[in-house]
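Every chain is numbered from 1, with letters handed out A, B, ... down the list of sequences.
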There are 2 protein chains.
Amino acid sequence: MVAVRARPIVLEPLAAAEPCAHCDARSYSVCNAIEIKDLERLAAMAVSISVEPGRSFIVEGDPAEHFFNVTAGTAKLFKLLPDGRRQITGFAGTGHFLGLAVSSVYAFGAEAVDPMRVCRFSRPKLRAMLDDFPAMETRLLEVASNELVAAQEQMLLLGRKTARERLASFLIARASIPTHCVAQAPGMARTVTLPMTRGDIADYLGLTIETVSRTLTRLKADGLIEIPSNGAIVLRDRAALESVAGGLD
Amino acid sequence: MVAVRARPIVLEPLAAAEPCAHCDARSYSVCNAIEIKDLERLAAMAVSISVEPGRSFIVEGDPAEHFFNVTAGTAKLFKLLPDGRRQITGFAGTGHFLGLAVSSVYAFGAEAVDPMRVCRFSRPKLRAMLDDFPAMETRLLEVASNELVAAQEQMLLLGRKTARERLASFLIARASIPTHCVAQAPGMARTVTLPMTRGDIADYLGLTIETVSRTLTRLKADGLIEIPSNGAIVLRDRAALESVAGGLD
DNA sequence: CGTTGTGTTGATATTAATCAACAAGTGTGG
DNA sequence: CCACACTTGTTGATTAATATCAACACAACG
């Protein structure tokens, strides 16, 4: 069964708009919940910003003044303990919303993994926007619900899965992320690109760098994956990986 | 700083409505976003159900036909692996909403920890309700955002904290849950009631029963807590507990 | 070239899991 | 009222998984 997936919402100010080579619509207006003309009005309220790899654009504990929509690249979202231990709570790719919090301060930090573009709204403008476009609020609620489901899945991973199961889960999940357009081969990318470092993967999976490295080596030795280069992994036996990811064998 | 906390939303059909001894309004209509008369109309669309301890009322993977609002008692929400490993992703107390998922099947199971009452809506009726009351949708988005923040905090706990830190975090978090009314002593209950078993705590914190037991014993020996009975824990040194919970010392 | 960041691999340490025994509380039925 | 099973919780001995410490390989970059 191939899930029907909503297109990622990508808000981009008109000035920065680029036509998409693959989608039918223009890349900055990929949203199935709002009329195009409204989207343009809406996008005009925002600022488009480039973020270089390694650069933080949200700092945990800072006043939450902005709301972001990722329009290109990938961010890592994380929480820190005073002694430096870090948990990456997720990677935010194109279409992701950041900074929804009700609280007045950000509950997490965000840093670019690769060259990013984000679209930034002030929170009052976001509020005005939601009041103007109820459909947008509905869509955001859907987005938040989906993230909640993903968060629960990650809790299962962190609380109960072995290192091997965690890596398999991670690779399978990564393989189902649409890279750009949503219309795609039936949910299956055989080569997974990993823009993040082993350290990021470790902090995402609640492991150490060494364990991530060793576990990938074992998965390779077992014929489940190939590692053509850092930053890419080929899923040689997707069914077996899914089985491992689900806690079987 | 004492956070201003919104009242829990409690929807209860009129037949089951009971006046609250502590709140100014009636207990079943505690919602700061909707007019009382609308709420009554809305509550009339729902069914109130009692759930005995140990009874499941949401099964992971089943068609997601209903949407629930907890009106009394506590539920545990969990995900399972095929071999029986279980991760409790949260405990849902009075005011919590369950079953928001966009997906057509439930992403988690829910089981009553103690005698519960839940208010049940069919999902189409929920949709109609949200269309009728945009304020309700706004409120749900806030709720979902807060749960997302809590989920991230739990990921930090599961991925990076020691057993001792996990227990301390759990106790501190439990101590800040308003039992019934929200207006309360400045955020601080010294005695924490734990309706769930050690096994539930273990599955929530990603530990085993034995480790939970041992760690509580150690916290007691260190003078941070007292354990007058199963089901209750007295925080003897809240500051120290908070310090441990935050990853210090 | 050295330097730095990233990744791999090996040896050892440590935390928490597992295996096991037992204690305390609860409910049942004789 | 007491024997009994059953559930829940505690504590001890041992094991296993992963973390930690350490060395080294390799690529990117000034």
Checklist entry - Do B:Lys161 and A:Leu81 come within less than 4.5 Å of each other through their side chains, counting heavy atoms only? => result yes
Item to check | Shortest side-chain distance from B:Ser213, nucleotide among D:dT10, D:dT20, C:dA17 | outcome: D:dT10
Item to check | C:dG7 base / A:Arg214 side chain donor-acceptor hit below 3.5 Å | outcome: no
Next on the checklist: Just N and O in the side chain of A:Thr217: are any of them under 4.0 Å from OP1 or OP2 of C:dT9?
Outcome noted: yes
Next on the checklist: Is the phosphate of C:dA16 approached by B:Thr211 (side-chain N or O, under 4.0 Å from OP1 or OP2)?
Outcome noted: no
Checklist outcome for this item: Whole-Å distance, A:Glu165 CD to D:dA17 C1', equals 12 Å
Checklist entry - Is a side-chain donor or acceptor of A:Arg117 paired with a backbone partner of A:Gly73 at a separation under 3.5 angstrom? => result no
Checklist entry - Whole Å only: how far is the CD atom of B:Glu210 from the C1' atom of D:dA13? => result 13 Å
Item to check | B:Arg85 atom CZ: more than 12 heavy-atom contacts under 6.0 Å | outcome: yes
Next on the checklist: Within the 4.0 Å heavy-atom criterion, would you say A:Gly54 contacts the bases, only the backbone, or no part of the nucleic acid?
Outcome noted: nothing
Checklist entry - Taking NZ from B:Lys161 and C1' from C:dT15, how many angstroms apart are they, rounded to a whole number? => result 18 Å
Checklist entry - Is any side-chain nitrogen or oxygen of A:Thr197 closer than 4.0 Å to OP1 or OP2 of C:dT6? => result no
Checklist entry - Which residues satisfy the salt bridge (charged side-chain N to carboxylate O under 4.0 Å, His left out) test with B:Asp222, sequence neighbours excluded? => result B:Arg164
Next on the checklist: I'd like to know if the side chain of B:Thr74 reaches the main chain of B:Val113, judged simply by a donor and an acceptor atom lying under 3.5 Å from each other, with no hydrogens or angles considered.
Outcome noted: no
Item to check | 5'-most by nearest nucleotide on DNA chain C - B:Arg166 or A:Gly231 | outcome: A:Gly231
Checklist entry - Taking atom P of C:dT15 as reference, at what distance in whole Å does atom CG of B:Leu158 sit? => result 19 Å
Tabulate below the donor-acceptor pairs under 3.5 Å that side-chain atoms of residues 199-208 of chain A make, not counting sequence neighbours, or state none.
{"from": "A:Asp200", "atom 1": "OD1", "to": "A:Lys76", "atom 2": "NZ", "distance (Å)": "2.9"}
{"from": "A:Asp200", "atom 1": "OD1", "to": "A:Arg86", "atom 2": "NH2", "distance (Å)": "2.9"}
{"from": "A:Asp200", "atom 1": "OD2", "to": "A:Lys76", "atom 2": "NZ", "distance (Å)": "3.1"}
{"from": "A:Asp200", "atom 1": "OD2", "to": "A:Thr197", "atom 2": "N", "distance (Å)": "3.4"}
{"from": "A:Asp203", "atom 1": "OD1", "to": "B:Arg160", "atom 2": "NH2", "distance (Å)": "2.7"}
{"from": "A:Asp203", "atom 1": "OD2", "to": "A:Arg86", "atom 2": "NE", "distance (Å)": "2.6"}
{"from": "A:Asp203", "atom 1": "OD2", "to": "A:Arg86", "atom 2": "NH2", "distance (Å)": "2.9"}
{"from": "A:Thr208", "atom 1": "OG1", "to": "A:Thr211", "atom 2": "N", "distance (Å)": "3.3"}
{"from": "A:Thr208", "atom 1": "OG1", "to": "A:Thr211", "atom 2": "OG1", "distance (Å)": "3.1"}

Checklist entry - How close or far is atom P of C:dT8 from atom CG of A:Leu167, stated in whole angstroms? => result 11 Å
Next on the checklist: Would you say that B:Val59 contacts B:Tyr106 through its side chain, given a criterion of any heavy-atom pair below 4.5 Å between the two side chains?
Outcome noted: no
Checklist entry - Could you state the CG-P distance from B:Asp83 to C:dT18, rounded to the nearest angstrom? => result 10 Å
Checklist entry - What does the inter-axis angle of the helix from C:dC1-D:dG30 to C:dG30-D:dC1 come out as, five pairs per end, nearest 10 degrees? => result 30°
Checklist outcome for this item: From CG of B:Leu205 across to C1' of C:dA16 the rounded distance in Å is 13 Å
